[in-house]
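Here is the structure we will look at, set down as structure tokens.
Both ligands and their constituent atoms are indexed starting at 1 by order of listing. In this text, all values refer to a predicted model and were calculated from it rather than measured experimentally.
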Amino acid sequence: MADIIDQILAKDEFTKEDIVTLLNSDVKGRNKLYQKAAVVKAEYVGKKVYFRGLIEFSNICKKNCYYCGIRAGNNKVDRYYVTEEEVLEAVKYAYENQYASLVLQSGERSNKDFVDQVTGLLEKITEITNGEMGITLSMGEQSEETYRRWLEAGAKRYLLRIEASNRELYAKLHPNDPTHDYDYRLDSLKTLQKVGYQVGTGVMIGLPFQTVEDLAEDLLFFQKFDIDMVGMGPYIEHEDTPLFQYKDQLISKEDRFNLSLKMVAILRILMKDINIAATTAMQAIDEMGREKALKVGSNVIMPNLTPVKYREGYLLYEDKPCIDEEASECKNCLEARITMAGDTIGYGEQGNSKHYYQRQEKLKDNQ
Ligand code: SAM
Ligand code: SF4
């Protein structure tokens, strides 16, 4: 097995079959993969981690994704939105502690009030941080006009996971209606690129009905799409969702975690200069999950800055970690763990995707 792994890792490009072999690798093989990914990370993006303070702005959502604990149809959830004052307090914390970037995430809504509210927030954040904050949005599918408005108001990056790049698999994870349309999601990603965002996407790993071949295709999808950032992690079941009925068909959580680490490592080798997040879902399975992801290629981490009183309301899946820790406790423990993982923290640096700048250069050359 190790010989085949050596041969694949010596190549410049991977085929789908190569990726499947890497994803199926045994402990010896996967250690070689991790070593190579660590070398690529150090060479292309450095042994540095960038913080994005995460504000889970609202759990109100109009959609009904079958996997998600805050889907509209889950009437056990108390719905909230964080007030403007509380958001700005979290922003101040981030700014004072030299987190040079933020992620504003929420359920999907696109009514005028919501769009205006987010626009106003972006303008205020830009004002109180002297335009120095790198703002990422993760608010689902919006119109081109809304994407443009939010970009003008100060957002720089947008995360919209494709969730599963295989169209048939996507259809099994979502209701069959126009608000959950695969092509519309794909078009949204294209629009975000056209409008000028640093664009991030991602998938869940270990979903029911998902094969290793699907995961290999997901990685090739990111590459083909020329994506700037990726956030991916294990699927974790939630008992109040329709997908929970397939819980006995899932691979073990440990296997989902190990597959996720392999996905990160392969992606780092495939797309050397992109930003890859060490996601919270990895920490939900393994307490040191995010640090392990940093060792094999991730370079972004999202400490949770959502006011603690709202966190119970944003349970996307079971065992979500850090739901009762204040931001300052998280910061101290993260610092120690990141240092242990051998990285430094890029305090005061936005850590924008290097790939984005390369992509912009290429675009200019082609014009
Ligand atoms: N509503 C926006 C959207 O869907 O793009 C952003 C917020 S949504 C909660 C953020 C991500 O949570 C989704 O893209 C999905 O991949 C992830 N997620 C939802 N339910 C999950 C689950 N059960 N396990 C792992 N990740 C999950
Ligand atoms: Fe809403 Fe996003 Fe959850 Fe889907 S994944 S139900 S859009 S919050």
| said: Which of the numbered atoms in ligand 2 are under 4.0 angstrom from any heavy atom belonging to C61? | reply: 1 (Fe), 6 (S), 7 (S), 8 (S)
| Under 6.0 Å between the ring centres of Y246 and F209? | yes
| field | 2.8 Å cut-off met by an N, O or S atom of C65 to atom 3 (Fe) of ligand 2 | value | no
| Y317-ligand 1 polar pair, N/O distance under 3.5 Å | no
| Relative to ligand 1, is E163 under 4.0 angstrom through side chain, backbone, both or neither, heavy atoms considered? | side chain
| Can you say whether the rings of Y158 and Y197 are parallel (under 30°), tilted (30 to 60°) or perpendicular (over 60°)? | perpendicular
| message | Check D18 with K11, please: is the shortest side-chain N to carboxylate O separation under 4.0 Å? | response | yes
| task | Determine whether the side chains of S101 and R157 contain a donor N or O and an acceptor N or O closer than 3.5 Å. | result | yes
| said: Which of the numbered atoms in ligand 1 are under 4.0 angstrom from any heavy atom belonging to S138? | reply: 6 (C)
| field | Closest approach of any protein heavy atom to atom 12 (O) of ligand 1, naming residue and atom | value | L316 CD1, 3.5 Å
| request: Report yes if some N/O of Y67 lies less than 3.5 Å from some N/O of ligand 1; otherwise report no. | output: yes
| field | Heavy atom of the protein closest to atom 23 (N) of ligand 1 (residue, atom name, distance) | value | I236 O, 2.7 Å
| message | Please report whether the ring centroid of Y50 lies less than 6.0 Å from that of Y99. | response | no
| message | Please report whether ligand 1 has a polar contact with R161, defined as an N or O pair separated by less than 3.5 Å (distance criterion only). | response | yes
| message | Tell me whether the rings of Y170 and H174 are parallel (<30°), tilted (30 to 60°) or perpendicular (>60°). | response | parallel
| message | For atom 1 (Fe) of ligand 2, is there a protein heavy atom at a distance under 4.0 Å? | response | yes
| query | Strictly under 4.0 Å, does any heavy atom of G107 approach an atom of ligand 2? | reply | yes
| Modelled atom types, side-chain donor and acceptor of Q283 and K320, under 3.5 Å | no
| With a 3.5 Å cut-off and no angle check, do the side chains of Q117 and Y81 form a donor-acceptor pair? | no
| task | Give the atoms of ligand 2, by number and element, whose distance to some non-hydrogen atom of I70 is under 4.0 Å. | result | 8 (S)
| query | Does R148 pair with E145 as a salt bridge, N-O distance under 4.0 Å? | reply | no
| Does ligand 1 have a heavy atom under 4.0 Å from the side chain of R185, from its backbone, from both, or from neither? | side chain
| query | Between E239 and K76, does a salt bridge (Lys or Arg N to Asp or Glu O under 4.0 Å) hold up when you go through it step by step? | reply | CA-CA 11 Å; E239 64 176 343; K76 290 191 189 163; 5.5 Å; no
| remark: Of all protein heavy atoms, the one nearest atom 10 (C) of ligand 1 is Q105 NE2, 3.7 Å
| Minimum-distance protein heavy atom relative to atom 26 (N) of ligand 1 | M204 SD, 3.6 Å
| Counting heavy atoms only, which of S58, G107, S106 is nearest atom 2 (C) of ligand 1? | S106
| field | Charged N-O contact under 4.0 Å between E84 and K124 | value | yes
| Taking heavy atoms and a distance under 4.0 Å, where does Y314 meet ligand 1: side chain, backbone, both or neither? | side chain
| Taking everything shown except E335 itself, do over 12 heavy atoms lie less than 6.0 Å from its CD? | yes
| query | How does C68 reach ligand 1, by side chain, by backbone, by both or by neither, if only non-hydrogen atoms under 4.0 Å count? | reply | both
| remark: The closest protein heavy-atom partner of atom 3 (Fe) of ligand 2 is C68 SG, 2.4 Å
| Quick one: which ligand 2 atoms are inside 4.0 Å of a heavy atom on K63? | 6 (S), 7 (S)
| task | State plainly whether the residues E144 and R149 are in salt-bridge range, i.e. N to O under 4.0 Å. | result | no
| Of all the non-hydrogen atoms in the protein, which one sits nearest to atom 25 (C) of ligand 1, and at what distance? | P234 O, 3.4 Å
